[in-house]
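Okay, structure first, notes after.
Note that the coordinates shown come from a computational prediction; the quantities given were computed from them, not determined experimentally. Counting begins at 1 with the first residue of the sequence. All heavy atoms count here, side chains included; hydrogens, waters and symmetry mates do not.
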Amino acid sequence: MKILAIETSCDETSAAIIENGRKITSLLVATQVEEHRLYGGVVPEIASRRHCESICQIVDMCLKKANLNFYDIDAIAVTFSPGLIGALLVGVNYAKGLSLALKKPLIPVHHLRSHIASNYLTHPDLKPPFLSLIISGGHSHIVLVKDYCEFKVIGRTKDDAVGEAYDKVARALGFPYPGGIQVDKASVKGNPSSYNLPRPSVEGSPFDFSFSGLKTAVLNILNSTKQKGDKINEYDLCASFQLAVCDLISSRVVFAARDLNQNKIVVAGGVSANSGIRKRLMQDAKDNNFKLYLPDISLCGDNAAMVASQAYYEFKNGNIADMSLNAIASLAIDYI
Ligand code: KG4
Ligand code: ZN
């Protein structure tokens with residue numbers, strides 16, 4: 001079964017064709033990063049406009065790359081939630097139009113479910129059940145994936161998402177957008193024990209995260225150093241921040257895996273590209289005897305290949321939409 005998927009939830013316009021949920025036939029990602037960098041972050045209105053301008057071309061190029069035409073496609077999939085509402089609407093309306101014109105099924109895909117599916121493309125042997133750590137710009141979750149379309153949220157952030165904390169620290173340091181990767185690169189050159197940063201926990205919720213206190217501690221160090229007229233060692237501060245993030249993530253994941261008796265851990269979301277987190281979780285897997293699945297670096301960020309992969313399982317599960325499908329800015333992963 002060939003699924004053509006569309007992803008426009010944030011600042012990447014992407015189209016992909018995937019065979020039976022696992023084989024990438026064609027994938028194109030057009031990023032808007034350069035333009036948003038001028039403003040230090042994603043400007044929702046600009047994002048929607050650029051999606052409108054490029055969606056038709058991206059889909060045409062995707063088909064051409066696969067040497068296919070619209071009539072070779074068996075179903076159309078689209079990210080419908082969560083994300084920037086104006087950006088999502090472009091993909092949803094384009095996909096609805098295509099589905100109506102071609103008389104092919106329309107499959108709605110939840111963005112976080114699709115991030116998990118980036119691992120089905122990377123690891124052909126991977127099948128639920130497993131425990132998933134989702135770390136992105138907007139979400140930080142520990143989720144029990146009981147089946148391809150059955151999820152139970154075990155833990156979540158009570159404030160900032162981990163990617164958001166990275167981006168805010170990067171912005172305060174004057175790094176260009178998107179900042180997460182810049183902090184990651186700087187941290188490799190620093191000493192992680194230079195700054196004493198907190199590891200906040202959520203009382204009574206051992207699987208939940210809190211990153212805002214850690215982020216504020218970094219911002220306070222920056223401000224007080226500036227006030228004293230001293231120069232900050234950016235590498236050391238980034239390394240100390242990254243170590244604190246790794247400690248927070250690692251402790252919750254290991255505890256959740258043990259408590260729920262899960263020996264497969266699947267990492268997903270844009271922050272899964274982080275070198276420190278990858279290394280730490282690999283060590284945790286060795287020490288605790290669980291199998292770790294990390295998405296290929298090329299599939300960590302937003303892309304339509306992961307959407308088509310999840311769509312295959314949504315379709316098999318009967319999750320098909322009609323022309324009343326709408327974009328939804330915020331929706332839990334276990335919505336059905
Ligand atoms: O999943 P994603 O592409 O978009 C959302 O669904 O949010 O994640 C984007 C987030 C941004 O916050 C970005 O700074 C962060 O992932 N990110 C990283 C790294 N690469 C991307 N954060 C830390 N280290 C990285 N190497
Ligand atoms: Zn994402």
Which atom names give the shortest non-hydrogen contact between Val271 and Gly163, and what distance separates them? CG2-CA, 3.6 Å
Does some side-chain heavy atom of Phe209 sit less than 4.5 Å from a side-chain heavy atom of Val202? no
Ser26 (side chain) donor-acceptor with Cys62 (main chain) under 3.5 angstrom: yes
What residues form a salt bridge (charged side-chain N to carboxylate O under 4.0 Å, His left out) with Glu164, not counting sequence neighbours? Lys168
Looking at every non-hydrogen atom in both residues, tell me the closest pair between Val109 and Ala77 and how far apart they are. CG2-CB, 4.3 Å
Is a side-chain N or O of Gln32 found less than 3.5 angstrom from the main chain of Ala47, in a donor-acceptor match? yes
Side chain proximity check, Asn191 to Asn233, heavy atoms < 4.5 angstrom: no
Flag, side chain of Asn317 to backbone of Asn319, donor-acceptor distance under 3.5 Å: no
Side chain Asn223, main chain Asn220, donor-acceptor under 3.5 Å: no
Please evaluate residues Leu84 and Ser48 with respect to the criterion side chain to side chain contact (heavy atoms under 4.5 Å, CB included), reporting the C-alpha separation (whole Å), side-chain torsions for both, the decisive distance (0.1 Å), and the verdict. CA-CA 9 Å; Leu84 299 172; Ser48 323; over 6 Å; no
NZ/NE/NH1/NH2 to OD/OE distance under 4.0 Å, Arg280 and Asp247: yes
Find out if a path of hydrophobic residues (ILVMFWY) with successive side-chain heavy-atom gaps under 4.5 Å connects Met1 to Leu4. no
Single-linkage hydrophobic cluster, 4.5 Å side-chain cutoff, Leu100 and Val92 together: yes
Under 3.5 Å donor-acceptor, Asn303 side chain and Leu27 backbone: no
Side chain proximity check, Glu7 to Ser9, heavy atoms < 4.5 angstrom: yes
Between Cys149 and Gln310, does a side chain to side chain contact (heavy atoms under 4.5 Å, CB included) hold up when you go through it step by step? CA-CA 9 Å; Cys149 301; Gln310 179 62 26; 4.0 Å; yes
Sequence neighbours excluded, every pair satisfying salt bridge (charged side-chain N to carboxylate O under 4.0 Å, His left out) that has a member inside residues 302-314: Arg113-Glu314
Would you compute the distance between atom NZ of Lys64 and atom CG of Leu28 and round it to the nearest 0.5 angstrom? 11.5 Å
Are there over 12 heavy-atom neighbours, none belonging to Asn69, within less than 6.0 Å of that residue's CG? yes
Where the side chain of Asn263 meets the backbone of Phe290, is there a donor-acceptor pair that is under 3.5 Å apart? no
Can you tell if the side chain of Lys264 reaches within under 4.5 Å of the side chain of Leu131, non-hydrogen atoms only? no
Check for a donor-acceptor pair, side chain of Lys104 on one end and backbone N or O of Ile73 on the other, with a separation under 3.5 Å. yes
Close side-chain approach of Ile265 to Leu281, heavy-atom, < 4.5 Å: no
Check the hydrophobic clustering (I, L, V, M, F, W, Y; side-chain heavy atoms under 4.5 Å; chains of links allowed) and say if Leu173 and Tyr195 are grouped together. yes
Which atom of Lys2 lies closest to which atom of Asp74, heavy atoms considered: N-OD2, 2.7 Å
Just checking, is any N or O donor in the side chain of Ser212 or Asp160 under 3.5 Å from an acceptor N or O on the other one? no
Test side chain to side chain contact (heavy atoms under 4.5 Å, CB included) applied to Val162 and Thr157, step by step: CA-CA 8 Å; Val162 62; Thr157 180; over 6 Å; no
Using 0.5 Å steps for rounding, measure from the CG atom of Asp159 to the OG atom of Ser210. 3.5 Å
Are the side chain of His111 and the backbone N or O of Ser81 linked by a donor-acceptor pair below 3.5 Å? no
Does the side chain of Tyr166 pick up a donor-acceptor pair with the side chain of Asn274 at under 3.5 Å? yes
Counting only heavy atoms from other residues, nucleotides and ligands, does the tally under 6.0 Å from CG of Asn196 exceed 12? no
Pro124 and Arg22: which non-hydrogen atoms are nearest, and at how many Å? O-NH1, 3.5 Å
Return the minimal non-hydrogen interatomic distance between Val59 and Phe70, and the atom names on each side. CG1-CE2, 3.8 Å
ILVMFWY network linking Met323 to Leu88, side-chain heavy atoms under 4.5 angstrom: no
Work out which heavy atom in Leu299 is nearest to a heavy atom in Ser118; give both atom names and the distance. O-CB, 3.6 Å
Geometric cation-pi criterion Lys96 and Tyr94, 6.0 Å radius, 45° cone: no
Rounded to the nearest 0.5 Å, what separates atom CG in Leu98 from atom CG in Leu102? 4.5 Å
Co-membership, hydrophobic cluster, residues Leu243 and Phe241, 4.5 Å side-chain: no
For Arg50, run the salt bridge (Lys or Arg N to Asp or Glu O under 4.0 Å) check against Glu45, Glu35, Glu34 and tell me which one passes. Glu35
Over 12 non-hydrogen atoms of neighbours within 6.0 angstrom of CG in Asn20: yes
To the nearest 0.5 Å, atom OG of Ser14 lies from atom CE of Met306 at 8.5 Å
Are any non-hydrogen side-chain atoms of Leu292 and Asp284 less than 4.5 angstrom apart? no
Taking Arg156's backbone N and O only, do any of them form a donor-acceptor pair with Ser140's side chain (distance below 3.5 Å, no angle check)? no
Nearest 0.5 Å, what's the OG-CD distance between Ser275 and Gln242? 5.0 Å
Minimum side-chain heavy-atom gap His115-Pro295 below 4.5 Å: no
When the ring planes of Tyr120 and Tyr148 are compared, do they come out parallel, tilted or perpendicular, using 30° and 60° as the limits? perpendicular
Is the backbone N or O of Gly40 less than 3.5 Å from a side-chain atom of Arg171, with the two atoms forming a donor-acceptor pair by type? yes
Rounded to the nearest 0.5 Å, what separation is found between the CD1 atom of Ile333 and the NE2 atom of His139? 9.0 Å
Let's go through Ile116 and Ile134 carefully: what are the C-alpha distance in whole Å and the side-chain angles of both, what is the deciding distance for side chain to side chain contact (heavy atoms under 4.5 Å, CB included) to 0.1 Å, and is it a yes or a no? CA-CA 7 Å; Ile116 294 172; Ile134 309 173; 3.8 Å; yes
State, yes or no, whether a side-chain contact exists between Asp259 and Phe207 at a heavy-atom distance under 4.5 Å. yes
